[in-house]
Amino acid sequence: QVQLVESGGGLVQAGGSLRLSCGASGSIFSIGLMGWYRQVPGKQREFVANTASGGSTKYADSVKGRFTISRDNAKNTMYLQMNSLKFEDTAVYYCNAVISGDSSRTARLYWGQGTQVSVSS
């Protein structure tokens, strides 16, 4: 019943910007840690950034200074602002979140469907 709905991917030129969104819906009691990962075919999924419920953030070294993660707790939504995009940023981007259901109150890790980000050189 709980879902993460992701959007915002697309094709951009190197040096451009893109903003990804990930919203949680369903019978939700609370949302804890939320984060972004990315994956290229043939490679392992890698960490990009995450944000705790209080707003603290962490970033992979590869995106530090270029990407900004944020969240709007009132909207159950997380964002990833990506600036100064490089060809190496091309990947499928996935959001995840630790969510406790309204009925079970059991924390689980949920994943979004993924959205393609392609950066042309």
Asker: Tell me the salt bridge (charged side-chain N to carboxylate O under 4.0 Å, His left out) pairs involving residues 19-41, sequence neighbours left out?
Answerer: R38-E46, R38-D89

Asker: At their closest point, which heavy atom of Q116 faces which heavy atom of S118, and how far apart are they?
Answerer: NE2-OG, 3.3 Å

Asker: Compile the donor-acceptor pairs under 3.5 Å between side chains in residues 103-110 and protein atoms, sequence neighbours left out, one pair per line.
Answerer:
unit_1: S104; atom_1: OG; unit_2: T106; atom_2: N; d: 3.3
unit_1: R105; atom_1: NE; unit_2: D102; atom_2: O; d: 3.0
unit_1: T106; atom_1: OG1; unit_2: S104; atom_2: O; d: 3.4

Asker: Using the test side chain to side chain contact (heavy atoms under 4.5 Å, CB included), find all partners of A52 that sit at least two apart in sequence or belong to another chain.
Answerer: L33, S56

Asker: Can you list the residues that meet the side chain to side chain contact (heavy atoms under 4.5 Å, CB included) rule with Q3, with sequence neighbours excluded?
Answerer: S25

Asker: Not counting sequence neighbours, list each pair that qualifies as a ring-ring contact (aromatic ring centres under 6.0 Å, His included) and has a residue in residues 4-23.
Answerer: none

Asker: Going by disulfide bond (SG atoms under 2.5 Å apart), name the pairs with one or both residues in residues 53-99, residues two or more places apart or in two chains.
Answerer: C22-C95

Asker: Restricting to non-hydrogen atoms, name the atom on D61 and the atom on K64 that form the minimum distance, rounded to 0.1 Å.
Answerer: OD1-NZ, 3.0 Å

Asker: Just verifying a value: how many Å separate L85 CG and S120 OG, rounded to the nearest 0.5 Å?
Answerer: 10.0 Å

Asker: Can you name the side chain to side chain contact (heavy atoms under 4.5 Å, CB included) partners of N83, sequence neighbours left out?
Answerer: S17, Q81

Asker: Quick one: pull up OG1 in T57 and CE in M34 and give me the separation to the nearest 0.5 Å.
Answerer: 14.0 Å

Asker: Output all residues satisfying side chain to side chain contact (heavy atoms under 4.5 Å, CB included) with V40, sequence neighbours left out; order by chain, then residue number.
Answerer: K43, A91

Asker: Among side-chain atoms of S27 and Q1, is any donor-acceptor pair under 3.5 angstrom?
Answerer: yes

Asker: Does V117 belong to the same Ile/Leu/Val/Met/Phe/Trp/Tyr cluster as V92, with side-chain heavy atoms less than 4.5 Å apart forming each link?
Answerer: no

Asker: Any pair with a residue in residues 62-106 that passes ring-ring contact (aromatic ring centres under 6.0 Å, His included), sequence neighbours left out, goes on the list, sorted by first then second residue, please.
Answerer: none

Asker: Say you draw a straight line from CG of N76 to CD1 of I28; how long is it, rounded to the nearest 0.5 Å?
Answerer: 5.0 Å

Asker: Is a side-chain N or O of N96 found less than 3.5 angstrom from the main chain of G35, in a donor-acceptor match?
Answerer: yes

Asker: Can you pull out every disulfide bond (SG atoms under 2.5 Å apart) where at least one residue sits in residues 31-79? Sequence neighbours excluded, please.
Answerer: none

Asker: Kindly indicate whether the side chain of N73, heavy atoms from C-beta on, has any atom under 4.5 Å from the side chain of I31.
Answerer: no

Asker: Going from OG on S30 to CD1 on I99, what distance comes out if it is rounded to the nearest 0.5 angstrom?
Answerer: 9.0 Å

Asker: Scan for ring-ring contact (aromatic ring centres under 6.0 Å, His included) pairs involving residues 5-61, sequence neighbours excluded, and state none if there are none.
Answerer: Y37-F47, Y37-W111

Asker: Looking at side-chain heavy atoms only, is the closest gap between I69 and M78 below 4.5 Å?
Answerer: yes

Asker: Looking only at non-hydrogen atoms, find the nearest pair between E6 and Q113 and report the distance.
Answerer: O-NE2, 2.6 Å

Asker: Scan for disulfide bond (SG atoms under 2.5 Å apart) pairs involving residues 52-82, sequence neighbours excluded, and state none if there are none.
Answerer: none

Asker: Rounded at 0.5 Å granularity, tell me how far CG in N50 sits from CG in L80.
Answerer: 11.5 Å

